[in-house]
Amino acid sequence: MKAHFGMIGLGTMGRNFLLNIAEHGISGVGFDLDAGKRDLLLKEGAGMPVDVGSDLADFIAKLEAPRNIMMLVPAGPIVDSVISDLLPHLEKDDLIIDGGNSHYTDTDRRDADLSAKGIGFMGVGVSGGEEGARHGASIMPGGRRDFYDRVEATLQAVSAKVGGEPCVAYMGTGSAGHFVKMVHNGIEYGLMQIISETYDYMKRVLEMDDAAMSATFAEWNDSELNSFLVEITSTVLAKKDPDTGNPLVEMILDTAGQKGTGKWTSQAAMDLGVPIPTIDSAVSMRQISARKADRGKIAAKLGSAPFAERISADANRVVTYDKNLVKVDQLKTALLCAFIITYAQGMSLLQEASGDMNYGLNLADTAKIWRGGCIIRSALLEEMRSAYAADPSLVNLLLDDKFAAILEEHGDSLRKTVRAFAGSGVPAMCFSSTLAYFDAFRTERLPANLIQAQRDFFGAHTYQRTDKEGTFHTSDWDK
């Protein structure tokens, strides 16, 4: 019998995803140019309904028609190359599924090109890494609804489950799946940077050791901050380096990598006019971290110790900073507020994109499938699901009564924390951006009126008035 599902790309993600499918009794066949990877799939899939193709023609011949073929290969030109190699072997209504982190504009282009040839195409976001691929990921499919219906049972089988509900749902038309995954990754950038800033303050100002920080994050993970990222932070901080006996995290070079999805999120938000300053700041901090040599030179010139330590050593300056301004419990509630506001920024971008790009996103479903399997899974997402289920058109989570109440109760902790960071000289770009976003949106009248006056002065850009309708220009500002 021919296989139901095909996989091209048998690296860690593709191989484990196909093994997950086979383990659920769904027959699959894989292909990779690397014979060693094909052999590894057969070895690990012994006794399961899984096979490999010796070449593309053999791979295609082993699939039932119409064919369902998923690619898990690096985003970019490789995706186009695989599609080009596949096309001569495909027939009308065969379906190609791109499960990588492709840019959504590439997905729209490929969808249009393949549709004109009678070949189906779906962009599907997959989150959860190796563990998720093998044992249950959060899956974000986009494209034609009838194509999703064809593979829904397979994707549901291999997705993570929360309360018996699969962490997969149809996102929307066109590139909706890859757009949602991109924003997921942007939120991920923000949450990770906020956690790292919390760690930095604990270490450099509160002078906590790694064991104490690990225990603190573990305790927080048993609270309303329960999340995958808080959980693994505790685990990471507890790990010892076998070579030196030091905490392993202290032996890791402080330059953070990125694959582009955070930057793409910021670019998309700029294009759509949606403010996401926490995510933007997280991208900027990764860029600053990459400039290790520049940081070394500037630190040597201007000093790198926390500001409180440097002013304490100068007898001619008055020490005004209190290192006990923020305690650990206040850091916790500040982190909670920052988490909520970061999610709010990402979800507001999805809401805007849904209308602008005609995706038809259901944000309650998005929050639902992020509750398990993915990197940003969090206990907060169940409340977000409820918020969007109650009001699908909710433009910002800050308007939801439950989240507004949390921010009203604990917003002072966020403000004190940002003040403490600033006073200590420990960088907190994401915490600061989060507070500024919160304050800006709760301000009924912003100083943009001055900006409009300036624009009209030097460029005759006109302005609107508060007291009457119309567009106005002042030609004699200086008279």
Side-chain angles (χ1 to χ4, degrees), residues 12-13 16-17 20 101 125-140 158-169 180-199 202 210 213-239 248-249 252 256-259 261-262 265 278-279 282 286 331-347 350 365-385 397 403 430 434:
T12 299
M13 288 293 292
N16 280 294
F17 200 96
N20 190 353
N101 278 332
V126 179
S127 178
E130 177 182 357
E131 178 69 17
R134 185 66 183 86
H135 300 292
S138 177
I139 306 174
M140 296 151 258
V158 298
S159 70
K161 309 295 186 299
V162 174
E165 294 182 306
C167 291
V168 58
V180 170
K181 178 55 163 54
M182 178 190 72
V183 175
H184 164 285
N185 286 18
I187 294 170
E188 179 184 307
Y189 272 53
L191 300 182
M192 291 175 73
Q193 180 62 32
I194 290 166
I195 292 172
S196 75
E197 290 175 0
T198 304
Y199 152 79
M202 286 176 165
D210 291 78
M213 289 187 286
S214 173
T216 299
F217 278 103
E219 180 183 332
W220 289 356
N221 193 51
D222 288 330
S223 71
E224 61 270 41
L225 276 172
N226 174 262
S227 62
F228 175 72
L229 287 171
V230 170
E231 177 187 348
I232 67 168
T233 300
S234 173
T235 302
V236 164
L237 289 170
K239 180 69 175 178
L248 179 56
V249 71
I252 297 174
Q258 54 180 317
K259 293 186 176 180
T261 47
T265 306
T278 305
I279 296 169
R286 291 203 189 188
L331 271 180
K332 174 189 175 183
T333 51
L335 187 62
L336 175 65
C337 291
F339 266 33
I340 291 170
I341 295 169
T342 303
Y343 278 112
Q345 291 173 28
M347 298 303 266
L350 289 178
D365 280 348
T366 303
K368 180 187 79 170
I369 67 172
W370 285 351
R371 294 176 306 157
C374 74
I375 306 303
I376 65 170
R377 60 185 183 265
S378 162
L380 291 168
L381 284 160
E382 180 56 42
E383 295 298 336
M384 293 177 201
R385 175 193 185 183
L397 279 170
F403 289 115
C430 273
T434 300

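Throughout, numbering of the chain's residues begins at 1 and tracks the sequence. Everything numeric in this text was worked out from a predicted model, so none of it was measured.
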Q: Could you list the residues that satisfy side-chain hydrogen bond (donor to acceptor under 3.5 Å, both in side chains) with Asn16, not counting sequence neighbours?
A: none
Q) Can you name the one residue among Ile376, Leu350, Ile375, Thr265 that meets side-chain contact (heavy atoms from CB on, under 4.5 Å) with Ile187? A) Ile376
Q. How close do Asn221 and Asn226 get, heavy atom to heavy atom, and via which atoms?
A. O-ND2, 2.9 Å
**Q.** Test log, rule side-chain hydrogen bond (donor to acceptor under 3.5 Å, both in side chains), inputs Ser138 and Ser127
**A.** CA-CA 5 Å; Ser138 177; Ser127 178; 5.9 Å; no
Q) About how many Å separate OG1 of Thr233 and CD1 of Ile195, when rounded to the nearest 0.5 Å? A) 4.0 Å
Q. Counting N and O atoms only, with roles assigned by atom type, does the side chain of Ser234 sit under 3.5 Å from a partner on the main chain of Ser214, one being a donor and the other an acceptor?
A. yes
(Q) Measuring from atom OG1 of Thr434 to atom CD1 of Ile194, what distance do you get when rounded to the nearest 0.5 angstrom? (A) 4.0 Å
Q: Before accepting this row, confirm whether a basic side-chain N of the pair Lys332/Glu219 lies closer than 4.0 Å to the acidic partner's carboxylate O.
A: no
Q. Looking at residues at least two apart in the chain, or sitting in another chain, which of them share a ring pair (Phe, Tyr, Trp, His ring centres under 6.0 Å) with Phe217?
A. Trp220
Q: May I ask you to decide if Ala133's main-chain N or O and Asn20's side chain share a donor-acceptor pair within less than 3.5 Å?
A: yes
**Q.** Spacing of OG1 belonging to Thr261 relative to CD1 belonging to Ile279, to within rounding of 0.5 Å
**A.** 10.5 Å
**Q.** Ala238 backbone acceptor or donor facing Asp210 side chain under 3.5 Å
**A.** no
**Q.** Over all atoms of both residues, closest heavy-atom pair of Tyr189 and Ala282
**A.** O-CB, 3.4 Å
Q | Cys430 backbone acceptor or donor facing Glu197 side chain under 3.5 Å | A | yes
**Q.** Closest heavy-atom pair and its distance - Cys167, Val162
**A.** SG-CG2, 3.8 Å
Q: Give, for atom OG of Ser196 and atom CG of Leu229, the distance between the pair rounded to the nearest 0.5 Å.
A: 11.0 Å
Q) Crowded around Lys239 NZ? As in, over 12 foreign heavy atoms under 6.0 Å? A) no
Q. Which distance, rounded to the nearest 0.5 Å, do you find between the CG of Leu380 and the CH2 of Trp370?
A. 13.0 Å
**Q.** Under 3.5 Å donor-acceptor, Glu165 side chain and Lys368 backbone
**A.** no
Q: First locate atom OG of Ser159, then atom CE of Met140, and finally report the distance between them rounded to the nearest 0.5 Å.
A: 11.0 Å
Q. Is there a donor-acceptor pair closer than 3.5 Å between any side-chain N or O of Thr342 and the backbone N or O of Ala338?
A. yes
Q: Could you check Asn185 against Glu188 for side chain to side chain contact (heavy atoms under 4.5 Å, CB included), going step by step and ending with a plain yes or no?
A: CA-CA 5 Å; Asn185 286 18; Glu188 179 184 307; 4.0 Å; yes
(Q) Taking the side chain as everything from C-beta on, heavy atoms only, tell me whether Phe17 gets closer than 4.5 Å to Ile139. (A) yes
